[in-house]
Amino acid sequence: MRVLVTGGAGFLGSHLCDAMLAEEHSIVCADNLLTGRMENLAHLGRESRFEFLQQDVCEAFDPGKIDYLFHFASPASPVDYLKHGIETLRVGSAGTINCLEIAKKYNAKFLLASTSECYGDPLEHPQKESYWGHVNSIGPRSVYDEAKRFAEAATMAYHRYHAVDTRIVRIFNTYGPRLQIDDGRVISNFMRQALRGEDLTVYGDGMQTRSFCCVSDEIAGILALSKSEEHLPVNIGNPTEFTMLKCAEVVLEVTGSASKIRFELLPQDDPKQRRPDITKARTLLGWEPKIDLRTGLQLSLNYFREAVLANSSAACR
Ligand SMILES: NC(=O)c1ccc[n+]([C@@H]2O[C@H](COP(=O)([O-])OP(=O)(O)OC[C@H]3O[C@@H](n4cnc5c(N)ncnc54)[C@H](O)[C@@H]3O)[C@@H](O)[C@H]2O)c1
């Protein structure tokens, strides 16, 4: 297949490109480098089946005939989407419509990278795909949450009105190599702080919970969904729940750091609990995550070490 990956210079998009190349497909990656980095694709420099387009997907563009479109372009971390609020709304709305038009034009399959943030601060635990969510449409995080909810609505509309062959994955917190170390997400924060010997900041009382999925598990789930016939959203994430406090302890253990834990005020609209119900992915796709948090962090340790070093030497220059 010839596959278009939007947001392919980002954390998940670059791993997706690797996985699709390993399956012998040709990739066109469209990315405006708003939050992504060419370093994430540096290893593909000599790959003849890989093509990079520096492109804002909110603007009209034509990648040529494609068979599958994976729409991953969007700031994803709280630091990024709060900094780029309008861009986040645009890529979720205008960008998604543009991509759906491309899929329609070439009769290509389409997969939207959606998010657990569609559930907002959920009143149901764990979250099943049938739960409609509890989202503050005017809070600071709404630029991301509502953009993704619009993107889901647009995807379903193109499926219903134009028979585009669509999929929607609701991705839950994912970590691993190439995660930006200063993106404000829990794992990157804790790993960066632990490796620099700084205090680990835990918000509130640290009893709020999250679940974390290793990137290789996440990509395997997304690929399984892309090959299925399911058009409605499917949660892909790791259902094992950790309190923030426990997560901080695991990071200290894996990094061997002597850092302490410091408590700070809880940010606005910070969900108290988030955990996927993955029954649908298990039954429909035969998929479930294989890598636990401790193992996943050990597998990512070298990357985080190097990223922290590179970041500190850049700061010294
Ligand atoms: N990482 C996670 O845990 C997670 C969780 C839920 C959902 N997601 C979704 O997965 C996707 C990828 O997330 P990520 O963690 O890799 O984020 P990322 O920031 O690393 O990657 C996003 C990529 O999109 C690009 N981009 C942004 N706006 C663009 C535009 N207008 N045109 C072209 N490219 C644009 C960025 O430059 C970047 O390369 C996002 O859609 C995100 O919402 C990620």
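In what follows, residues are counted from 1 in the order of the sequence shown. In listed order, ligands and their atoms are each counted from 1.
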Original post:
If you count the atoms of ligand 1 from 1 in the order shown, which ones are under 4.0 Å from a heavy atom of Asn173?
Top reply: 3 (O)
Original post:
Under a 4.0 Å N-O cut-off, is there an ion pair linking Glu117 with Arg141?
Top reply: yes
Original post:
Does Gly95 have a heavy atom less than 4.0 Å from any atom of ligand 1?
Top reply: no
**OP:** Out of Phe212, Phe72, Tyr144, indicate the one that has the non-hydrogen atom closest to atom 42 (C) of ligand 1.
**Re:** Tyr144
Subject >> Pair Lys280 + Glu129: basic N to acidic O under 4.0 Å >> reply: no
Subject >> Pro75 N/O under 3.5 Å from ligand 1 N/O >> reply: no
**OP:** From atom 10 (O) of ligand 1, work out which of Leu179, Ile222, Leu12, Asn32 has a heavy atom at the shortest distance.
**Re:** Leu12
Subject >> Distance filter under 4.0 Å to Gln55 heavy atoms, resulting ligand 1 atoms >> reply: 32 (N), 33 (C)
Original post:
Any Lys/Arg nitrogen of Arg185 or Asp183 sitting under 4.0 Å from an Asp/Glu carboxylate oxygen of the other?
Top reply: yes
Original post:
Any ring pair (Phe, Tyr, Trp, His ring centres under 6.0 Å) pairs touching residues 77-108, not counting sequence neighbours?
Top reply: Tyr81-Tyr144
**OP:** Could you pull out, from Thr6, Thr35, Asp31, Ile171, the option with a heavy atom nearest to atom 6 (C) of ligand 1?
**Re:** Ile171
Subject >> Atoms of ligand 1 close to Thr115 [distance to a heavy atom under 4.0 angstrom, numbered from 1] >> reply: 6 (C), 7 (C)
Subject >> Nearest-0.5 Å distance that lies between atom CZ in Phe212 and atom CZ in Phe172 >> reply: 13.0 Å
Subject >> For atom 14 (P) of ligand 1, the option (of Gly237, Ala76, Cys118) bearing the nearest heavy atom >> reply: Ala76
Subject >> Numbering as shown, the atoms of ligand 1 that approach Asp56 to under 4.0 Å (heavy-atom distance) >> reply: 30 (C), 31 (N), 32 (N)
Subject >> Full working for salt bridge (Lys or Arg N to Asp or Glu O under 4.0 Å) between Glu152 and Arg170 >> reply: CA-CA 10 Å; Glu152 288 199 0; Arg170 291 200 181 132; 2.7 Å; yes
**OP:** With sequence neighbours excluded, give me every ring pair (Phe, Tyr, Trp, His ring centres under 6.0 Å) pair touching residues 27-46.
**Re:** none
